[in-house]
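Note sheet for the following structure.
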Amino acid sequence: MPVKNMVTAIREGLRDEMRRDPSVMIFGEDVGPKGGVFGATESLHAEFGDWRVLDSPLSEACIVGVGVGAALYGMRFVAEIQFQDFILPAADQIISEAAKMRYRSNGAWHVPLVIRAPFGGGVHGALYHSQSFEAIFAHIPGLKVVVPSNPYDAKGLLISAIRDDDPVLFFEHKRGYRSLKGEVPDDLYTVPIGRANVVREGGDICILAYGMMVNTALKAAENLHAEGFECEVVDIRTLCPLDRETIVSSARKCGKVLVAQESNLAVSVASELAAIVAEECFEQLDAPVMRIGGPEIPAMPWAPPLEHFYMVDTGKLTAKLKELAAY
Amino acid sequence: MPVKNMVTAIREGLRDEMRRDPSVMIFGEDVGPKGGVFGATESLHAEFGDWRVLDSPLSEACIVGVGVGAALYGMRFVAEIQFQDFILPAADQIISEAAKMRYRSNGAWHVPLVIRAPFGGGVHGALYHSQSFEAIFAHIPGLKVVVPSNPYDAKGLLISAIRDDDPVLFFEHKRGYRSLKGEVPDDLYTVPIGRANVVREGGDICILAYGMMVNTALKAAENLHAEGFECEVVDIRTLCPLDRETIVSSARKCGKVLVAQESNLAVSVASELAAIVAEECFEQLDAPVMRIGGPEIPAMPWAPPLEHFYMVDTGKLTAKLKELAAY
Amino acid sequence: MTAAKADQSRQAGLDPDILRTMYRHMVRSRVLDERMWVINRQGRASFWISGMGHETVQVALGMNLRSGHDWVAPYYRDLALTLVLGMTPRDQLLAILAKAGDPNSGARQMPAHFSSREHNIISTGSSVATQLLHAAGIGLAIKVSGTDQVCATCVGEGSTSEGSFHEAVNFSATHKLPVVFLVENNGYAISVPLDKQMPTPDVADRAKGYGIPGVIVDGGDLAGCFTACRDAVDRARRGEGPTIIEAKVQRLTSHSSDDDEKRYRSADDIAATRNQDCLTRCRAFLEETGVLKPGEADEIRGEMVRELDIAMEEAEAAPSPAPESALLHVYGDV
Amino acid sequence: MTAAKADQSRQAGLDPDILRTMYRHMVRSRVLDERMWVINRQGRASFWISGMGHETVQVALGMNLRSGHDWVAPYYRDLALTLVLGMTPRDQLLAILAKAGDPNSGARQMPAHFSSREHNIISTGSSVATQLLHAAGIGLAIKVSGTDQVCATCVGEGSTSEGSFHEAVNFSATHKLPVVFLVENNGYAISVPLDKQMPTPDVADRAKGYGIPGVIVDGGDLAGCFTACRDAVDRARRGEGPTIIEAKVQRLTSHSSDDDEKRYRSADDIAATRNQDCLTRCRAFLEETGVLKPGEADEIRGEMVRELDIAMEEAEAAPSPAPESALLHVYGDV
Ligand SMILES: Cc1ncc(C[n+]2csc(CCOP(=O)(O)OP(=O)(O)O)c2C)c(N)n1
Ligand SMILES: Cc1ncc(C[n+]2csc(CCOP(=O)(O)OP(=O)(O)O)c2C)c(N)n1
Ligand SMILES: [Mg+2]
Ligand SMILES: [Mg+2]
């Protein structure tokens, strides 16, 4: 199978599904001739033209609100928010409108809308080009929140998202766009939304993670292996709704659980994962559910020493795993 | 001490602080001659005039964005969002601007802004006049999130919020405005932000709750008392930043913990509370940390049977406490 | 020229049948609306928000749309509009009585949160002005699909202060989308009067900034409303882009059943509003011009009340939703 | 009338000293901006976003404000404006070199996210157009305080598509707040050209919808920019309310150091832009009209480069922030 990086896998997913389904359209800032600020829509404007790959005005509420309308009409609409940091002007359209349309119409209407947004830090993006806002949206029933950790999943999950009849937020870690590479089939395939994935098996410590952090976890797991501890790594993949079964069964098996994420921990996805484990695996736990994440500061600063201070890297994760192993 | 209801206590807090400090101003939809849709600003326009109690245009981003600007200039600005359900158009101003202003200017600027918003259900308000969005904001460092559970705290915490140099979201459960009554001093006093409060002592089960749910918890605790179990009820009061010390010490003392809230549970304040307890009280826990809250549906429906299905009432809470007691 | 004369001059070219039908629609909405208030005051429903005083322009808009072909993104005052498009008094009674069979939302939303898949009336929530962007999106989808459909959307003048108003008009004008924006300007947003909301008296002024037509109509002028809506819909259908129609209407009630306008409006102001009732004005005009025969207006009202009574009986007999049904329709596949 | 003639006619009444000072400010900003690109291309800073081509109108605005008395809510292209108001090349070099002493943000924000408490320049984030509402709020606070201060705010034309633009202008116009809105229209929002952004070529058109003046100026016309800014600031100071000034400017670089405009602009379009460099045009005008003597422009540039070299040395020597300082300034009291 050919090896591709993350952004290529995403671009292919978009392109192939657009070729298959003429109702798919893309809308966002700079998605047209420029091909997006990260190149995710490169060449698509040339292939599909102005209406199917349309540069939006600089307005996120417009991007999503127009998407909701077009999706109600019958389009399969892929909205791009240039940076997840700038999704907030669209929060009302996402949470009040897209998430509630099916419910409030008692099933009469639905919104097949995908909202793609690059997120995450470690790229010298400073406060407003580094944030991880998944917690805000993973709290909202009616939304699906998907975060791929590798190119194969990215393509397959994105195609599933486009075919899904409900709004899907599709968050892509921008540091992974070019750094993450893997085998990706040339043809169309899907990876199911709503299912976590055990990407490394082990019986001593269960690591729950998603996005880039899965890759950090795999590296840290290698370090632990060298010290004689086997970590199981669960890639959560869909943050809403959660695959409780996979999470709980891995946690029960290992008896020790570390939840790792990039964003700050307070009232976050890590909180929910820890709470589920605490509630459902009490009798199997050999140690407290531990969490590691960003500090409780408003966002990641620009200066390299400050940015580095923020990020959970392999070293910090390994240290935390050792603490848990030693418990 | 005179007995007052919640909305009176809030109105008094606003009025007395405005009399004391001429830099305090109020801005929001219908806060002027009408006195707010719940009467929280009644009579204030008559007393303080058009500029200090100003009807805003129908735009929440404007309400908060203007508040940020005026607060930077030196005002102590109290913004009212008519229903918390409509706070989302202002999400960018709150999260990207107010929360980050001090941090991003390295301490040079700060935003003494209070955002008051009625929230919560059980008032036949349907999807858009019943929601509880505290989780979204309690995730954001740089914000303070305060939820009073009784008139005394409401007045004292509100005055603290106005005097605070940082943005404070002040969420008032609308079902409590008239139904909650208690002794409230006529004069100015403060209740500290950032401190939880043990409102009932007990050694068997620790209930962590905030807002209206504290009152439900107190009633359920009475029910358990009748069955021979003593519940300790901790009123969290400030959801961000959390008073970990009080929470952890009560949880450790009781060994059994129930977290109760009105909103759905996924990625919520209840998740964080449960995660903290799981992490810090592992050796003292005699049962899993349990949570009770709203179902995972987009919001509270209008028809009475559906609304009732959503709410955690004394009966449901008592049943859950018995389950925990029996563990 | 008196108002009545102006009305007559505009009437030129309008079939009396159209005018008579418009009047029937208005009465149908009005008697239903009055009944809603009764239901609320009887304590049988916790909420009602009225369209009384806004009916003329809504009826004019609805009659110029092709129901089930064109699309509509309404707001909570658009009771008359939904009826013209084919929803029934029974549908709206099922909603206010919180019955499972309510086609708007299965009684999940408050009444007056309209929706009908059958009639291409998209579901509206409560967050004002969000529907304007949905209309723009539907307009985009229509343009991409190459049909001759039109999307109409309505909003109060207060809600035009939201950013979404600008964003929706800007985008629709940029791409000449087939959208009609109807602003129902009743001078108040709950208690906030126009002069605290915006710097000029006319929302239609904004159209200039987008290079599109901005038309002001008297919301009690049957013929004027009809022709303004017809022109805007035709223009959209021809692919020439959006129009802002601003109808100067009267809010004949408090904002909603939870509001008491006496707290913020003078008795004179309220009385002046009542004297401008569009239904009374239209009746006078139609009788004056002979479109309605003497007594015909009363007959129409009687007929509408009888229809309503039957609908009311049916709605009352319908079942409430089952509690656990609250869990349905969160996702399509879960 | 040629462009140069138009310039001259507007010059009437402007002191040559003012024009010369304006030119000096422009050069000061330009040489610093050029240096920023060098620093970025050397790999010593991951990001720069330039104000080149926008300087004239920024200088005009800055010179009409009273620094430390009036208030400013700028955006990322406003390097020249911040220098006119009293920030220094050293301040901005400390930012791009990520030094602890950066007065804008302590190197927490990307460079070009300006702030100076001392000069009443509020801190700007990256979320475009949010600053417009801050300016409206400052305008409100000024009005309530009864001072004669003014708040100026700047934004790109693309960012006027955000709802906040409408909300800020609407509110400021409603209450005649002392705010000046400067739209720096360079025809692109990153890659998105004006005709995909809005339906008319002129943002100033929007002013009509709010009953306020909307003024268009050529962003290479020194005197025109000066008088437009002066008039708007004076009007605001007199309590007559806001003005929208739209300056037609050129973006002389790619959007930022992360962008390559060749991907979406033709070589001709780019070349045409370069030929409109406001600095070149101003120099020609000032030499033609004798305000600058032969050789004087080169002398000014030399002087500015020397100043910059010293600032650069100081900035390079300054310390980086300590890692744990990331935890500071979340709250005032924690
Ligand atoms: C985003 C949002 N903010 C506030 C409200 C509360 N609210 C409901 S209706 C209304 C006033 C609307 O006024 P206008 O747009 O003039 O319409 P009208 O009711 O007068 O027809 C307000 C403030 C809301 N529903 N949505
Ligand atoms: C809310 C938000 N959305 C998107 C962006 C990403 N972005 C940064 S600058 C820019 C283009 C701005 O164009 P314009 O307003 O014309 O200003 P210019 O850069 O041309 O001066 C975009 C889309 C952002 N910073 N903020
Ligand atoms: Mg109104
Ligand atoms: Mg631009």
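- Side chains of B:Arg104 and D:Ser123: a donor-acceptor N/O pair is present below 3.5 angstrom, by distance only.
- Side-chain contact between D:Val330 and B:Arg102 is absent, with no heavy-atom pair separated by less than 4.5 Å.
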So D:Tyr331 and B:Tyr103, ring-ring contact (aromatic ring centres under 6.0 Å, His included) or not? Walk me through it. CA-CA 8 Å; D:Tyr331 301 103; B:Tyr103 193 79; over 10 Å; no

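- Here CD of D:Glu167 is found 10.0 Å from CG of B:Leu58. Values are rounded to the nearest 0.5 Å.
- If you measure heavy-atom distances from D:Ser172 to chain B, you find no contacts under 4.5 Å at all.
- If you measure heavy-atom distances from B:Asp92 to chain D, the contacts under 4.5 Å come from the side chain alone.
- Both the backbone and the side chain of D:Ile142 come within contact range of chain B, judged by heavy atoms closer than 4.5 Å.
- Highest contact tally toward chain D, considering only B:Pro141, B:Ala61, B:Pro89, B:Ser96, is held by B:Ala61 [criterion: heavy-atom pairs under 4.5 Å].
- Residue contact with chain B, scored on non-hydrogen atoms closer than 4.5 Å, is absent for D:Ala107.
- Ring pair D:His175/B:Trp51 is perpendicular by interplanar angle, where above 60° counts as perpendicular and below 30° as parallel.
- Residue D:Ser116 touches chain B through its backbone alone, counting heavy-atom pairs closer than 4.5 Å.
- Taking the side chain as every heavy atom from C-beta outward, D:Val144 and B:Tyr73 never approach each other to under 4.5 Å.
- For B:Asn106 and D:Ser105, the side-chain atoms include no donor-acceptor pair closer than 3.5 Å.
- If you look at D:His134 and B:Trp109, their ring centroids are not closer than 6.0 Å.
- With a 4.5 angstrom heavy-atom cutoff, D:Gln149 touches chain B only via side-chain atoms.
- Side-chain atoms of B:Asp166 come within 3.5 Å of backbone atoms of D:Gly332 as a donor-acceptor pair (strictly under, hydrogens ignored).
- Other residues, nucleotides and ligands place more than 12 heavy atoms under 6.0 Å from the CZ atom of B:Arg20.
- Taking CG from D:Leu132 and SG from B:Cys62, the interatomic distance works out to 11.5 Å, rounded to the nearest 0.5 Å.
- Judged by distance alone, the side chain of B:Glu97 and the main-chain N or O of D:Thr130 form no donor-acceptor pair under 3.5 Å.
- With rounding to the nearest 0.5 Å, the separation of NZ in B:Lys100 from CZ in D:Arg108 is 13.0 Å.
- In terms of non-hydrogen atom pairs under 4.5 Å with chain B, the most contact-rich of D:Glu118, D:Arg117, D:Gln131, D:Lys143 is D:Arg117.
- Both the backbone and the side chain of D:Ile138 have a heavy atom closer than 4.5 Å to some heavy atom of chain B.
- When each of B:Ser105, B:Gly67, B:Pro167 is scored by its heavy-atom pairs under 4.5 Å with chain D, the top score falls to B:Ser105.
- Only the backbone of D:Thr124 comes within less than 4.5 Å of a heavy atom in chain B; its side chain stays farther off.
- Using a 4.5 Å cut-off between heavy atoms, B:Ile193 does not touch chain D at all.
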